[in-house]
Amino acid sequence: AEYPTVEVTVTVPPEVGTERLPKEAFTVTEDGRTVQPYLGTTPEADEPAPPEVVLAIDISGSMDNSIEQAKQAASSFVASLPDGSQVALLTFGDEVTTLVQPTSSVDAVRSRIGDIRSGDETTALYDGVREAADQLAAGGAEQANIVLLSDGEDTADGDADDAIAALRDQGVRLWAVALPGTDTGPQVETLRALAGDDGEVLPADSADELDGIYADVASDLSRTYVLRYDSEASGRTELSVALDTGRLRSEQTITTTIDD
């Protein structure tokens, strides 16, 4: 029988910095059996795939007082991603509009960020999430992420279940930056439901905090690796991932279940 390929997503410590590590820096131990993981879709890939990100920005009228700071934070975020990162840009308000298809051109994305204007009457949050997830799936992203900014709930009669299914089915991680709005409590719960266990909800007390939040997300994305290996385990399994850069060593162990 063929052994299943297991994917493990790890974020290395900040001390590593933004240097992209080779596969030899990682070791996986599965129930005492040590294996060398690989970083791409095949064992021959020496370098990790850079992150692929869709920036999704709320342009409803309630964003009027925050939109300029949001644009500045988003622009800095794009510039700080690892070289080769694929970035798309979309806005959601009365409708979802894709401003930039996935590209590695930082200048192209930053230019269109500068064109964004708020003022729409509704917030098509769920449609925006679903469209972003579909774009990442269409491109076959290995490390698929949506970085979303909103200050409210969906007011465009979107379908929450469809948005959640798109994220889960396509393995997309959602980073939801939540600005305070008139319904901050329900809004945060909405974003948590979308983000699920793998995503993050990052509340901001004001637009002044956006630069720092976006910088932290860019740092996390730069330090995230998708490790793959051929498993010989079945059922409940103890899994350890060790990192050795020569300057830094760390290890983490979890217990997980591997399907037959």
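A quick note: this is a predicted structure, and the numbers were derived from the prediction, not measured.
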Fill in the blank from the handout: Looking only at heavy atoms, the pair that brings Ser150 and Asp58 closest together is OG-OD2, 2.9 Å

Practice task
Begin from the C-alpha positions of Gln187 and Asp151 and carry the test side-chain hydrogen bond (donor to acceptor under 3.5 Å, both in side chains) through to its verdict.
Solution key: CA-CA 8 Å; Gln187 170 216 7; Asp151 70 344; 6.0 Å; no

Practice task
May I ask you to test the Leu125-Leu148 pair for a side-chain heavy-atom distance under 4.5 Å?
Solution key: yes

Exercise for the section: Give a yes or no on this: more than 12 heavy atoms of other residues, nucleotides or ligands lie within 6.0 Å of atom CG of Asp159. Expected result: yes

Handout entry: Thr224 and Gln143: side chain donor to acceptor below 3.5 Å
Key = no

Completion exercise
Interatomic distance, OG1@Thr122 vs CD@Glu95, rounded to 0.5 Å, equals 9.0 Å

Practice task
Inspect the surroundings of CG in Asp157 and state if more than 12 heavy atoms from other residues, nucleotides or ligands are less than 6.0 Å away.
Solution key: no

Practice task
For Thr190 and Glu153, work out which heavy atoms get closest and say how close.
Solution key: OG1-OE2, 2.6 Å

Exercise for the section: Begin from the C-alpha positions of Leu39 and Leu21 and carry the test side chain to side chain contact (heavy atoms under 4.5 Å, CB included) through to its verdict. Expected result: CA-CA 10 Å; Leu39 299 175; Leu21 299 172; over 6 Å; no

Fill in the blank from the handout: Which of Val87, Leu221, Ile213 passes side chain to side chain contact (heavy atoms under 4.5 Å, CB included) with Phe77? Answer is Leu221

Exercise for the section: Please test Leu149 against Met63 for side chain to side chain contact (heavy atoms under 4.5 Å, CB included), starting from the C-alpha separation and ending with a verdict. Expected result: CA-CA 10 Å; Leu149 173 66; Met63 288 287 295; 3.8 Å; yes

Exercise for the section: Verify, without hydrogens or angle tests, whether Arg223 (side chain) and Val10 (backbone) share a donor-acceptor contact under 3.5 angstrom. Expected result: no

Exercise for the section: Carefully, step by step, assess Arg110 and Asp107 under the rule salt bridge (Lys or Arg N to Asp or Glu O under 4.0 Å). Expected result: CA-CA 5 Å; Arg110 296 181 78 183; Asp107 290 342; 5.4 Å; no

Fill in the blank from the handout: Output for pair (Leu167 CG, Arg130 CZ), nearest 0.5 Å, gives 11.0 Å

Exercise for the section: Might you work through the side chain to side chain contact (heavy atoms under 4.5 Å, CB included) test for Val100 and Ile113, ending with a clear yes or no? Expected result: CA-CA 9 Å; Val100 182; Ile113 288 173; over 6 Å; no

Practice task
Determine whether the side chains of Asp211 and Gln72 contain a donor N or O and an acceptor N or O closer than 3.5 Å.
Solution key: yes

Completion exercise
Residues at least two apart in sequence or cross-chain that pass salt bridge (Lys or Arg N to Asp or Glu O under 4.0 Å) with Arg173, listed by chain then number, are Glu200

Handout entry: Any side-chain heavy-atom pair of Pro37 and Arg228 under 4.5 Å
Key = no

Problem - Ala163 to Tyr126 - nearest heavy-atom pair and separation - result: CB-O, 3.7 Å

Problem - Rounded distance [0.5 Å steps], OG1 in Thr11 versus CG in Asp220 - result: 6.0 Å

Practice task
Treat each ILVMFWY residue as a node, draw an edge where side-chain heavy atoms are under 4.5 Å apart, and state whether Val226 and Val12 are in one component.
Solution key: no

Handout entry: Distance in Å, Leu81 CG paired with Ser104 OG, rounded so as to fall on 0.5 Å steps
Key = 11.5 Å

Handout entry: Result of checking Thr123, Asp120, Asp94 against Ile59 for side chain to side chain contact (heavy atoms under 4.5 Å, CB included)
Key = Asp120

Problem - 4.5 Å side-chain heavy-atom contact, Leu194 and Ile164 - result: yes

Fill in the blank from the handout: For Asp115, the salt bridge (Lys or Arg N to Asp or Glu O under 4.0 Å) test, sequence neighbours excluded, returns Arg112

Exercise for the section: Compare all side-chain heavy atoms of Val172 with those of Val129 and state whether any distance is below 4.5 angstrom. Expected result: no

Fill in the blank from the handout: Residues at least two apart in sequence or cross-chain that pass salt bridge (Lys or Arg N to Asp or Glu O under 4.0 Å) with Arg168, listed by chain then number, are none

Handout entry: Glu251 atom CD, over 12 foreign heavy atoms within 6.0 Å
Key = yes

Exercise for the section: Flag the pair Glu232 / Val35 as yes when at least one side-chain heavy-atom distance between them is below 4.5 Å, and no otherwise. Expected result: no

Practice task
Taking side-chain hydrogen bond (donor to acceptor under 3.5 Å, both in side chains) as the test, write out the residues that go with Asp31, two or more places apart.
Solution key: none

Exercise for the section: Indicate whether the side chain of Glu30 and that of Ser231 have a donor and an acceptor atom separated by less than 3.5 Å. Expected result: yes

Completion exercise
Across all chains, not counting sequence neighbours, the ring pair (Phe, Tyr, Trp, His ring centres under 6.0 Å) partners of Tyr225 are Phe26

Exercise for the section: Verify side chain to side chain contact (heavy atoms under 4.5 Å, CB included) between Tyr38 and Asp230, making sure each step is shown before the conclusion. Expected result: CA-CA 10 Å; Tyr38 50 96; Asp230 294 329; 4.1 Å; yes

Problem - Other residues, nucleotides, ligands: >12 heavy atoms within 6.0 Å of Arg33 CZ - result: yes

Exercise for the section: With rounding to the nearest 0.5 Å, note down the distance linking CZ in Arg236 to OG1 in Thr256. Expected result: 9.0 Å

Handout entry: Distance-minimising heavy-atom pair for Leu136 and Val53
Key = CD2-N, 4.3 Å

Problem - Validation row: Tyr214, Val147 side chains within 4.5 angstrom (heavy atoms) - result: yes

Fill in the blank from the handout: Sorted by chain and number, sequence neighbours left out, salt bridge (Lys or Arg N to Asp or Glu O under 4.0 Å) with Asp64 holds for none

Problem - Beyond-backbone contact of Lys71 with Arg117, side-chain heavy atoms, under 4.5 angstrom - result: yes

Exercise for the section: Measure the CG-CD distance between Asp208 and Gln69 for me, rounded to the nearest 0.5 Å. Expected result: 5.0 Å

Handout entry: Donor-acceptor contact below 3.5 Å, side chain Thr237 vs main chain Leu239
Key = no

Handout entry: Under 3.5 Å: donor-acceptor pair, side chain of Thr245, backbone of Leu248
Key = yes

Completion exercise
Between Ile146 and Ala132 the two heavy atoms that sit nearest each other are CD1-CB, 3.5 Å

Problem - Atom of Ser80, atom of Ala218 and distance for their closest heavy-atom approach - result: OG-CB, 3.3 Å

Handout entry: Side-chain heavy atoms of Ile57 within contact of Ile67, under 4.5 Å
Key = yes

